Amino acid sequence: MADTPRPPLPEAPAAAPLPEAADGPYDPTAVETKWYRYWEDGGFFHADTEAVTSGEKEPFVIPMPPPNVTGRLHMGHALQDTVQDLLIRLKRMQGFEALWIPGIDHAGIATQNVVERKLREQGLDRKAMGREAFLTHVWDWREEYGDIILKQKRRLGDSCDWRYSRFTMDEGFSRAVQEVFVRLVEDGLVYKGEYLVNWDPENQTVISNEEVDNVERSGSLWTVRYPVVDADGTDTEAALMIATTRPETIPADTAVAVHPEDERFQHLIGQRVRVPVGNRLVPVIADEAIQMDFGAGALKVTPGHSEVDWEIGKRHDIEVLSIMNLDGTLNDLAGAYAGMERTAAKKQIVADLDADGYLVKTEDYTVMTPISSRSKAVIEPLLSPQWYVRMAPLAERALAVVNDGTVTFHPARWANEYRRWLEDIRDWPISRQLWWGHRIPVWYHTTEAGEIDDSRDFVVSVDQPEAGMVQDEDVLDTWFSSWLWPFATLGWPAGEGAEGPVADTSPFPMASPEALRAFYPASVLVSGYDILFFWIARMIMAGLHFTDRVPYRDVFITGMIKDTQGRWMSKSLGNGIDPLDMIEQYGADAVRFTLAVLCAQGQDIKLDPAKFEGGRNFANKVWNASRVFGRSIETDRDGRPTTDARRTRAFADLSLVERWVVTRLGETTESVTASLGAYRISEAAQTVYDFVWNDFCDWYLELIKPARGEDGEIQNLDAETLAVAVETFEGALRLLHPFMPFLTEELWWKQRPRGPREALIACDWPTPDPTERDTEAVHLFSTVQSLVGAVRQVRAQYGVAPSKPLAVTVSVGGDHAEATARALEDVRGYIERLARVDDLIIAADAPKPDASAAVVVDRHQVFVPLAGMIDLDAERERLRGEIEAKRGFLASVERKLANENFVSRAPEAVVGKERQKRDDATAEIAALEANLADLG
RNA sequence: GGGCCCUUAGCUCAGGGGUUCAGAGCGCUCGCCUCACACGCGAGAGGUCGUUGGUUCAAAUCCAACAGGGCCCACCA
């Protein structure tokens, strides 16, 4: 099946006219919407299967973690999307067929709750209206609000191929989910069983262990007396003291347990005790699980309401009683307490025990309480029939692919967390007692009366097997669809050669066997560690089981965004930072760049909104940088550039600063490419920032910047200078584009005339030209930088106005002083301009003028005559201090060199470096001392 | 109870055997509206890299213990 044809390409929007010199800072708003529309309309985000299947391009694929349909964009999305878009744009530029698959998750419980709450506000009740009507409301809600977050993501600049966008409950996806259930049943990996589950009485559904948070709560530990009875069931004098935090479950006690080696209770093992609530007679059993030193050393066994007890009960074949209803009230088995809510029942039972003389002791106690991460309700362990996935076989393969490196975690330490979870995996309860979700594809026969006929076997089938059968009421866990994301989005199972239902489902033209072949497995998954178990691990299991391949090669785990105090951002705390507000305030590029800088190796980010100022300032810096030489680019009436500045000089014929800046750009390119390749996002951001700000702007632009002519007008740069400026700047724009797509695209179009498809987004990622590298130039230029720095230092120290020209003598030292002096002579203009010097003498070992300040840099000296301005005492003091520091340094170097072990064992290069340091330091000290002596 | 992470400048954090590794941003001090940018420019101050041991010619960097802070797992009722 062919991809939909690309939409006709629009003309490139005219770049906005360059602002006049007096214009204010960069204003991102108009720029961002303009370019997003251009990219999207122009099909620049598109990934086509043909390019891959024909072998023309390698695929690079990222499946976006589908945000919840109830979601609004938050900082976590902004961070993760920044990383994903960065990688996608980088790879697209590097010539990959880059596909970022977006979508939405139906988010079972969350969505059902949101809609239910909304209906309640309108006076409507979910249960009263019934399943079908309620689901209509949910779908309406989804239509109305469900895509908001994807629209918000466009503001960030996300370059997803929206044609691939999927919803976990769209037709094809639902089909895939049900298909998966059926296959797992066939494979013997799904079973139904009645076990103790985590029951959420609020939402009245089962949830998985991963959805339960254990929190410490202050509670009580009650010690209760259980009388031992004789053979007739009559109380004896003896009794067992039992400590419990959950007296409301006493009516469900079906045994009492002690440790088999506990001396105190040997004689009681096998006897019976009377449960002081309900007076049930239960056996005393012995089990290793009992802690002798806890409480009085005896445990009440309540297999129907406690996980530990369930295990103990199983070992000893103890009766299981369930005394609770699904809404958290006690049932008839609780006798007098039937109908009471569980917390009320707890109070009442304690009061009654106390009144009847069974309560021995009440202590304050910190109880680990299981809480539903969804509803925050206290979880009740409850006996309930549910569907489970047998996880051990799936986990085994998922472990293997991480252990053998088929899947790599970044940073690597998350692989340990992953292993730990998989090695101790438990079966996954996948049924949920909800209405919003994928209906379980299990069908039951019915009786004449329309009831489910338990006497006949159920049938597992995607479609209704025969008329009259009814489908299981329950739906599947949300994650039971999410775990198929990387392949179900592409049309699986249609790609398996089966006559798939997806291939001809018109709303998803991109899902096809070809797409699956071309774009699966994905390349990298970017996600937070909060869903490592929920999603990341399960996707790997599903990928291996259903497609026999890993769903992605790399997993990039980001840190989580916290507030300035390190707390999770949450609605209830009101400490959230809205990314859209930040984009309004600072611009999307600024937000992205800031997040990229902060995104260091999986550490959590304590985010202060003021940090976005840094990104904004940088965006502004880049914007203004282009104006320096941008003035020299001619434009037509629409503001489009007409000057096509191209370099004609060979690299060797460039000026020193040009060879320097081109070399630096090459180094930067190499470094940024390497950092991004290793997922060191912040390092890459920092590197390109440093180049643009410190090298390109502070030195290069300062030197080429046009001066005003005689008439006071700003002059244009000559064509050759302009060409290098434009080309270098274009190189920086390419490097910056993945970080700051809008700004860079805007500036890109201002540099020279371009055709409609020559957008920056579609440009090649730069590779440095090895012949355009000049380490000599770098070295000489750094000497210039030092000398300029020295003059500026003198200026600042003596309070000489920056505008006042100075006379300066540079005494060049070092091994090749004459040659260095000649080289510096060639670029004397640099020093004159940057240090504002109007009388510059450069010579090897030039004499020191009278009454001048002296600064030693490297092996050179800079003399600035400042008659009458020098405080001799202060100058002496300063020199002495400097000499002392230098001597200390020299001493440490000499100590090192005197060390036999060091000289013989350290690499030659390291030793050589130390020798060089020694020689330089010695020379510098000599120079400093001469200066000091000169002061008298 | 097990495991992981963090502790570096006033603040937020990079760096992860060898003086380009003692750094960045913010803040602070001093001087500048220098004709791209005050969302700016120039010059500075400010850390014995949590503590103690060890490995090494060499430790902020590797190892161990300890002290703080945080996170994740876990059935002491």
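From a predicted model like this one, the values you see are computed outputs, not experimental measurements. All chains are named by letter (A, B, ...) in the order of the sequence lines, taking the proteins before the strands, and each is independently numbered beginning at 1. Reckoned from all heavy atoms, side chains included, excluding hydrogens, waters and symmetry mates.
Taking atom P on both A22(B) and G40(B), the two are 28 Å apart, rounded to the nearest angstrom. U29(B) and A67(B) have their C1' atoms separated by 36 Å, with the value rounded to a whole Å. A gap of 11 Å separates the C1' atoms of G16(B) and A59(B), to the nearest Å. C75(B) and C66(B) are spaced 26 Å apart, taking the P atom of each and rounding to whole Å. Look at the P atom in both C5(B) and G17(B): the space between them is 15 Å, to the nearest Å. Taking atom P on both nucleotides, G27(B) is separated from G42(B) by 16 Å, rounded to a whole Å. Nucleotides G68(B) and A58(B) have their C1' atoms positioned 30 Å apart, rounded to a whole Å. As rounded to the nearest Å, G23(B) and G47(B) have P atoms that lie 13 Å from one another.
Checked against A74(B), C5(B), C37(B), the side chain of Asn214(A) finds its nearest nucleotide in A74(B). Closest contact between the side chain of Gln291(A) and the listed nucleotides A43(B), C76(B), A36(B) involves C76(B). Listed nucleotides: A36(B), A43(B), A77(B). Nearest to the side chain of Leu701(A): A36(B). Considering only side-chain atoms of Gln686(A), the nucleotide from A24(B), A36(B), A77(B) that sits closest is A24(B). Proximity note for Arg420(A) (side chain, C-beta onward) versus C72(B), A77(B), A36(B): the nearest is C72(B). Listed nucleotides C39(B), G31(B), A77(B) differ in distance to Pro802(A); the shortest reach to its side chain belongs to G31(B). If you check A77(B), C5(B), G25(B) against the side chain of Arg413(A), the one that comes closest is C5(B). Listed candidates were C37(B), G42(B), C76(B). Nearest to the side chain of Arg792(A) is G42(B).
The pair Glu914(A)-Arg918(A) does not count as a salt bridge, with every side-chain nitrogen at least 4.0 angstrom from each carboxylate oxygen.
Residue Lys562(A) contributes atom NZ, which lies 11 Å from atom C1' of C72(B) at whole-angstrom precision. Following rounding to the nearest Å, Asp608(A) (CG) and G25(B) (P) show an atom-to-atom distance of 17 Å. In this structure, the CG atom of Asn716(A) is 13 Å from the P atom of A36(B), given to the nearest Å. Note: OH (Tyr529(A)) to P (C73(B)) measures 11 Å, nearest angstrom. Following rounding to the nearest Å, Met368(A) (CE) and C76(B) (C1') show an atom-to-atom distance of 12 Å. Following rounding to the nearest Å, Lys750(A) (NZ) and A36(B) (P) show an atom-to-atom distance of 17 Å. Residue Ile425(A) contributes atom CD1, which lies 15 Å from atom C1' of A74(B) at whole-angstrom precision. Whole-Å rounding puts the Lys346(A) NZ to A77(B) C1' distance at 12 Å.
Heavy atoms of other residues, nucleotides or ligands lying less than 6.0 angstrom from CG of Asp838(A) number more than 12.
Note: Phe618(A) and Phe593(A) have tilted aromatic rings, judged against thresholds of 30 and 60 degrees for the angle between ring planes. Between Phe409(A) and Tyr418(A), the ring planes are tilted. Angles from 30° to 60° get that label. Between Tyr195(A) and Trp310(A), the ring-plane angle classifies as perpendicular under the 30° and 60° cut-offs.
For Trp623(A) and Tyr26(A), the ring centers are positioned less than 6.0 Å apart.
Note that OG1 of Thr922(A) and CZ of Arg887(A) are 11.0 Å apart. Values are rounded to the nearest 0.5 Å. The OH atom of Tyr529(A) sits 8.5 Å away from atom CZ of Arg413(A), with the distance rounded to the nearest 0.5 Å. Atoms CD and CD1, from Glu417(A) and Ile536(A) in turn, are 11.5 Å apart once rounded to the nearest 0.5 Å.
In this model, the phosphate group of A36(B) is not approached by any side-chain N or O of Tyr26(A) to a distance below 4.0 Å at OP1 or OP2. The side chain of Lys300(A) contributes no N or O atom lying less than 4.0 Å from OP1 or OP2 of A77(B). Between Asn624(A) and C39(B) there is no side-chain polar atom (N or O) within less than 4.0 angstrom of OP1 or OP2. For Lys621(A) and C41(B), the shortest distance from a side-chain N or O to OP1 or OP2 is below 4.0 Å. For C41(B), the OP1/OP2 oxygens have a side-chain nitrogen or oxygen of Trp693(A) closer than 4.0 Å.
Cation-pi geometry between Lys562(A) and Trp568(A) is met: under 6.0 angstrom from the ring centre, within 45 degrees of the axis.
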Task: Strand RNA chain B in bracket notation, Watson-Crick/G-U under 3.5 Å with | for pairs to another chain - done: (((((((..((((....[....)))).(((((.......))))).....(((((..]....))))))))))))....

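For the pair Arg631(A) (side chain) and Leu717(A) (backbone), a donor-acceptor distance under 3.5 Å is absent.
Asp698(A) comes within 4.0 angstrom of sugar-phosphate atoms only, judged by non-hydrogen atoms across all strands, and of no base. Among the heavy atoms of the strands, none lies under 4.0 Å from Glu307(A). Backbone-only contact: Arg426(A) has heavy atoms under 4.0 Å from sugar-phosphate atoms and none from a base. As judged by a 4.0 angstrom heavy-atom cut-off over every strand, Phe612(A) is placed among residues making no nucleic acid contact.
Between Ala243(A) and Val212(A), the one whose closest nucleotide on RNA chain B sits nearer the 5' end is Val212(A).
Summarising the geometry of Asp698(A) relative to Asn694(A), their closest heavy-atom pair is CB-O, 3.3 Å, with the distance given to 0.1 Å.
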Grab the N/O contacts between the protein and nucleotides 13-20 of chain B below 3.5 Å, and write none if there aren't any.
residue: C13(B); atom: OP2; partner: Lys606(A); partner atom: NZ; Å: 3.2
residue: U20(B); atom: OP1; partner: Lys913(A); partner atom: NZ; Å: 3.4

